Amino acid sequence: MSTKCIPELFGKLVFNDTIMKARLPHTTYKALRKTIEDGKPLDISIADPVANAMKDWAVENGCTHFTHWFQPMTGITAEKHDSFISPEANGKVVMEFSGKELVRGEPDASSFPSGGLRATFEARGYTAWDPTSCAFIKGNTLCIPTIFCSYTGEALDKKTPLLRSTEALNKQAMRILKLFGNEDVTSTKTTVGPEQEYFLVDRDMYNQREDMVLTGRTLFGAMPPRGQEMEDHYFGAIKPRVADFMNDLNEELWKLGILAKTEHNEVAPSQHEMAPIFTDTNTATDHNQLTMEIMKKVAEKHNLYCLLHEKPFDGVNGSGKHNNWSMSTNTGVNLLEPGDSPMENAQFLLFLAAVIKAVDEYQDLLRISVATPGNDHRLGANEAPPAVVSMFLGDELTEILESIESGKPYNPKNKESMEVGVTVLPHFPKDSTDRNRTSPFAFTGNKFEFRMLGSSLSVSGPNVVLNTAVAEELEEFADVLEKASDFKKSLHKLIKTVIKEHKRIIFNGDGYNDAWLEEAKKRGLLNLPTTMDALPYFVADKNIKLFTKHKVLTETEIHSRYEILVENYSKTLNIEALTMMDMTSKQILPAVSAYADSISLSAMHKKAVNSALKCTMESSLLEKLSDLTDKTYEELSALGNAVEKASSKKTNKATSDAYCKEVLPAMTSLRESVDKLETLTSKKYWPFPTYSDLLFYPD
Ligand code: ADP
Ligand code: MG
């Protein structure tokens, strides 16, 4: 690809604004823009001309099929392809696509997770066009981003609540902006830039490991002599094979209008990162889902496998996803950027206060929004932020907040105290707000970076929580300020109160330190180390109230999501436990036995030649192997018993709790013994590629 072509290539497979403008009748185009920009309900009469233009464009670009592209609760995307063909009386076909087909689809909902919604409601579901995210082409198929709901209107997907939460936040943010006199602003949106980490491994080696194929991670594997201790991989030179992969990946992403920007090696060997330029949250979410899918596809072309699991290898860092989040107006103002005048600063401080209060009051929901069995291996493992949610603001901003709270000067030299709406904020250098890498939720100059997400997670959930929680706080603020007789005074008081009541969530120190966990406990912050510790908070009254009040999730939708998450926990661990048992009994124990056989044979042969030989190595090794295989065998059956016991519990919750408390420790014990066996067994006999093979694969 020549670099000259990139602007031409970019967005080539997207039915974007330029194409719409060129191909749609002017009135249709204008009506569609109204829906996209101002969230006006879709004028149904425009569906036919839009569908027709989309079809013509898609067919010219080689498409034969279309699909509604949606995001069920599995966390990945779903599609059901239909061709454009329509029979004619003369036995021929024409290519057709109607407005009706564009606007609504009816996939069978019964095979997607519904968390009990199916029992209560009809199995049938429908998809509905989301015109705020552009249609695009994948292979020979025109993909139309859609929401996915049950016939009774319950959301069965990850897009619907995201759109609802954006709307809820917009409504409250607009009230606040009015109070500050922003007459020109007609709407706000949130923006997201998700940094995506991943591992690449050789595909042939990947295929030889049942654990990777079935569970996406290694369930066994002794640490190789070399891990990440040399700290030479981060930002290191990129291997040619990986560089080729990255070039191809960029090209594919650019064609889809995805703003792939930064790429580099990460901390662990074979670990890498891709960061796009941020965009509106709905598009960013769709794009991140597509990015993950395309990473896997492109890797295949290079005989690599792309691992998106949060913790594919023990002993080296896992992969995360950083959700960079901010709010901006349709006039292009970033609401989390400190301004130049006292009033702009006051507005910034109010939005900041809303985020501080939201993160403190909804710590539990933020933790839940990133809770998966895979991510449990990362959070708090000294490589990712701890399972305790806290916020980093940097020293300057923290000092300013302290000054507002105490009324004491923030700058002792000029004795100036910080009065909201009157004092100009000093300029804080961006650098100083950007260097704490251990904080789960960090202010980085003009946005927040939520760093607890696991690499495979859809960014939808965390953004739904963030948007809704901040909407709640802004609503509370607007209720007070709209009634205030002295706006500046009330504003100052409000911000001061928020700081006083919620400063416990602010922590600028080292989050990887055990002392912080002690301190967090003293502050009354929640520490929810596992998914099963976190999930029950989802259905707490205050959280149900939050989501229902802002019309983001109904009570039924919350309960169904809770059920899906609980069930997903035991399902994931069940597959992992069964895979471990399968590998142990069918591959590992037979391999070690064969190796032990070969050693005893060798000792016997030696003795036959010279009966005086001691054969110390053989006999000592045999003893170790025999003891360890016996131990492994016992642990194998203990794991089997734990699985059986957990599976026989009466409720999903009890089953998942048992998987967490009993099956997981049994898996850990089995792994320890097997990993010891691996270090004792000849490489020739070990039945699958080791960590050295996987992490340091050749170019
Ligand atoms: P790093 O975190 O590696 O230091 P940057 O701070 O430059 O890198 O940006 C990280 C990500 O944050 C990028 O995806 C970038 O597009 C995104 N980002 C920057 N500004 C915003 C914003 N206002 N809203 C959302 N994301 C943003
Ligand atoms: Mg970052």
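Counting begins at 1 with the first residue of the sequence. This one's a predicted model, so the numbers in the text were calculated from it and none came from an experiment. Both ligands and their constituent atoms are indexed starting at 1 by order of listing.
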Shortest heavy-atom approach to atom 4 (O) of ligand 1 - which of H322, Q196, R437, K447: R437
F448 and L393: CA distance, side-chain angles, deciding distance, side-chain contact (heavy atoms from CB on, under 4.5 Å) verdict: CA-CA 9 Å; F448 277 98; L393 293 181; 4.1 Å; yes
Atoms of ligand 1, numbered as shown, that sit under 4.0 Å from any heavy atom of G193: 14 (O), 25 (C), 26 (N)
Other residues, nucleotides, ligands: >12 heavy atoms within 6.0 Å of Y305 OH: yes
Check: I147 and L163 side chains under 4.5 Å, non-hydrogen atoms: yes
Parallel, tilted or perpendicular: ring planes of F199 versus F313, cut at 30 and 60 degrees: perpendicular
Plane angle bin for F538 and F547 - parallel if under 30°, tilted between 30 and 60°, otherwise perpendicular: perpendicular
Those atoms of ligand 1 less than 4.0 Å from some heavy atom in I277: 16 (O)
Min N/O separation N324 to ligand 1 under 3.5 Å: yes
Atom indices of ligand 1 within 4.0 angstrom of E195 heavy atoms, with elements: 2 (O), 3 (O), 10 (C), 11 (C)
Residues K357, E472: salt bridge by 4.0 Å N-O rule: no
Contact with ligand 1 for R451, non-hydrogen, under 4.0 angstrom: no
Within-shell test, N334 vs ligand 1, heavy atom, strictly < 4.0 Å: yes
Salt bridge (charged side-chain N to carboxylate O under 4.0 Å, His left out) assessment of K297 paired with E300: CA-CA 5 Å; K297 236 187 237 164; E300 202 175 331; over 6 Å; no
Subset of ligand 1 atoms that lie under 4.0 Å from at least one heavy atom of S326: 22 (C), 23 (N), 24 (N)
Ion pair check, R217 and D314, cut-off under 4.0 Å: no
Any N or O of T191 closer than 3.5 Å to N or O of ligand 1: yes
Location of contacts on K261 toward ligand 1, heavy atoms closer than 4.0 Å: neither
Structural part of E449 in contact with ligand 1, heavy atom criterion under 4.0 angstrom: side chain
Selected option - heavy-atom contact closest to atom 14 (O) of ligand 1, from P194, P276, A275: P276
